[in-house]
Amino acid sequence: MSAARQMLVVLVMVPVVIALALWAFAWPNARIAPHDLPVGVAGPAAAATPLQEKLEQREGAFDVHRYDDESAARDAIENRHVYGAVVVTPQGPKLLTASAAGPVVAQLLTDAVSRQAPPGTQLQAVDVVAAPEADPRGAVLGSSALPLALAGVAAGSLVTLLGLRGVRAATALAGAAALVGLAAAAIADSWLGVLTGNWWAEAGALGLMALAAGAAVAGFAALLGRAGIGVGALLVVLLGNPWSGVTSAPELLPEPVGAIGQLLPPGAGGTLLRSVAFFDGSGAGTALVTLSTWAVLGLLAVTLAGLRGRKAPAAEEQHAAPSPAPVS
């Protein structure tokens, strides 16, 4: 390629990449609003129905679930079926939230219910599953998605660029992810105290997130060559990180960004980490399946590429081998 064409590529590609990055990162944050956000309403039907109707007036904003009493609503929050619930009591509405599921959501629900409450009514709010004191606004947890995504991209890229194949490549990816998970849990839980669940479960979630990202990058590279590194980085970092909903909630992102983000390693990893760190694993199933799928498919692609690479030289050697001389 001539120098003029190389300069043209730089002049075109850099603005395109920057524009794509700004779109992916800035647009979702500029359009944060509830989209079918799961919330609960509890209490006698005569009193709870009008409140439910008020919430449903904001078409498409809330996915309202009805519960018989406060106990059932608390169970739903702790099991991650809803982000919060409004309990109708003789003293007025009582709001149950879970700031551990997302401080932004908890504040949004507080504002929404306060506006719906009768004038002069004092809203009673209870944080059923509170965010840790070391990270009340979820800032540290939210900032963890990008480093883990970058760790995965780095591992997948190094495996590809160093020429590792087959079982060696898969072992390197799995080993690096395991060490990343242990190191991240040591920092986030043992040192900073922003994670408060089972230490080994947290390390496993963090490691699986890194493995899914790394296997995705290495898998795409095994299928597409070195260009696959760029494809993997695009999905994991450029789209996966800003669309993860870790700093807010998937249901607060524009549709269908929130849903797509949960199908990528950072989004699924953030959901899994919240579940094991604050909710004893409740609501972790879908995220666990998503991350495992990325990891298995990526490792399978790397392993099969290694086997294919072995067969090719063997076939070449057979063709190159001289045929035996005829016996006279």
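Residue indices begin at 1 and follow the sequence shown.
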Open item on the list: Is there a side-chain contact between Leu238 and Phe25 in this structure, where contact means two heavy atoms from C-beta onward sitting under 4.5 Å apart?
Closed with: yes
The complete set of ring-ring contact (aromatic ring centres under 6.0 Å, His included) pairs with one or both residues in residues 250-293, sequence neighbours excluded, reads none
Heavy atoms of Ile77 and Ala85 approach each other most closely as CD1-N, 3.9 Å
Note: Pro93 and Val86 closest approach over all heavy atoms is CB-CG1, 4.0 Å
Grouping I, L, V, M, F, W and Y whenever their side-chain heavy atoms are under 4.5 Å apart, do Leu211 and Leu146 come out in a common cluster? no
The side chain to side chain contact (heavy atoms under 4.5 Å, CB included) partners of Arg58 (sequence neighbours excluded) come to Pro34, Ala61, Phe62, Ala112, Arg115
Residues 96-115 vs ring-ring contact (aromatic ring centres under 6.0 Å, His included), sequence neighbours excluded, gives none
message: Are the side chains of Leu108 and Leu37 in contact, using a 4.5 Å heavy-atom criterion?
response: yes
Here the pair of heavy atoms bringing Leu239 nearest to Ala24 is CD2-CB, 4.0 Å
Quiz prompt | Test item: Asn241 and Val236 side chains (from C-beta on) under 4.5 Å apart, heavy atoms | solution = no
Shortest non-hydrogen pair, Ala222 vs Ala301, comes out as CB-O, 3.8 Å
Rounded to the nearest 0.5 angstrom, the OG-CG distance for Ser275 and Asp280 is 10.0 Å
Consider only side-chain heavy atoms of I, L, V, M, F, W and Y, link residues closer than 4.5 Å, and tell whether Leu195 and Val180 are in one cluster. yes
d(Glu78 CD, Ser282 OG) to nearest 0.5 Å is 8.5 Å
side-chain hydrogen bond (donor to acceptor under 3.5 Å, both in side chains) pairs touching residues 64-73, sequence neighbours excluded, are Thr49-Arg66, Gln52-Arg66, Asp63-His65, Glu70-Arg74, Glu70-Lys94
Residues 217-252 vs ring-ring contact (aromatic ring centres under 6.0 Å, His included), sequence neighbours excluded, gives Trp23-Trp243
Scanning both residues in full, the closest heavy-atom pair of Ala215 with Ala295 reads CB-O, 3.7 Å
- [ ] Give a yes-or-no answer on whether the side chains of Glu202 and Asn198 include a donor-acceptor pair shorter than 3.5 Å.
- [x] no
Quiz: residues 95-106 side-chain donor-acceptor pairs under 3.5 angstrom, not counting sequence neighbours:
residue, atom, partner, partner atom, Å
Ser99, OG, Asp127, OD1, 3.4
Ser99, OG, Asp127, OD2, 2.5
Ser99, OG, Ala131, N, 2.8

Item to complete: Report yes or no: do Val113 and Val64 belong to one cluster of Ile/Leu/Val/Met/Phe/Trp/Tyr joined by side chain heavy-atom distances under 4.5 Å?
Response: yes
Between Leu173 and Ala218, the two heavy atoms sitting closest are CD1-CB, 3.8 Å
For Leu300, the side chain to side chain contact (heavy atoms under 4.5 Å, CB included) test, sequence neighbours excluded, returns Leu304
hydrophobic_cluster_shared for Val41 and Tyr83, side chain cutoff 4.5 Å | yes
Contacts satisfying side-chain hydrogen bond (donor to acceptor under 3.5 Å, both in side chains) that involve residues 286-305 (not counting sequence neighbours) are none
Rounded to the nearest 0.5 angstrom, the CG-CE distance for Leu272 and Met209 is 9.5 Å
Quick note, side-chain hydrogen bond (donor to acceptor under 3.5 Å, both in side chains) partners involving residues 220-233, not counting sequence neighbours, are none
Only residue of Leu235, Leu158, Leu234, Val217 satisfying side chain to side chain contact (heavy atoms under 4.5 Å, CB included) with Val153 is Val217
Practice problem: Measure the shortest side-chain to side-chain distance between Leu51 and Val88 over non-hydrogen atoms and say whether it is less than 4.5 angstrom. | Solution: yes
Give a yes or no on this: more than 12 heavy atoms of other residues, nucleotides or ligands lie within 6.0 Å of atom CH2 of Trp200. no
What side-chain donor-acceptor pairs closer than 3.5 Å can you find for residues 252-269, not counting sequence neighbours?
residue, atom, partner, partner atom, Å
Gln262, OE1, Thr271, OG1, 2.6
Gln262, NE2, Ser244, O, 3.1

Contacts of Asp135 meeting side chain to side chain contact (heavy atoms under 4.5 Å, CB included) (sequence neighbours excluded), chain-then-number -> Pro132, Ala139, Val140, Leu141, Val194
Can Ile187 be reached from Trp199 by stepping across I, L, V, M, F, W or Y side chains whose heavy atoms are under 4.5 Å apart? no
Q: Report the C-alpha distance between Asp189 and Thr196 in whole Å, list the side-chain angles of each, state the deciding distance to 0.1 Å, and finish with yes or no for side-chain contact (heavy atoms from CB on, under 4.5 Å).
A: CA-CA 6 Å; Asp189 187 316; Thr196 57; over 6 Å; no
Can you give the donor-acceptor pairs under 3.5 Å from side chains of residues 8-17 to other protein atoms, not counting sequence neighbours?
none

| request: Determine whether Val237 and Leu150 make a side-chain contact, defined as any pair of heavy atoms from C-beta on separated by less than 4.5 Å. | output: yes
(message) Is any side-chain heavy atom of Leu208 closer than 4.5 Å to one of Leu288?
(response) yes
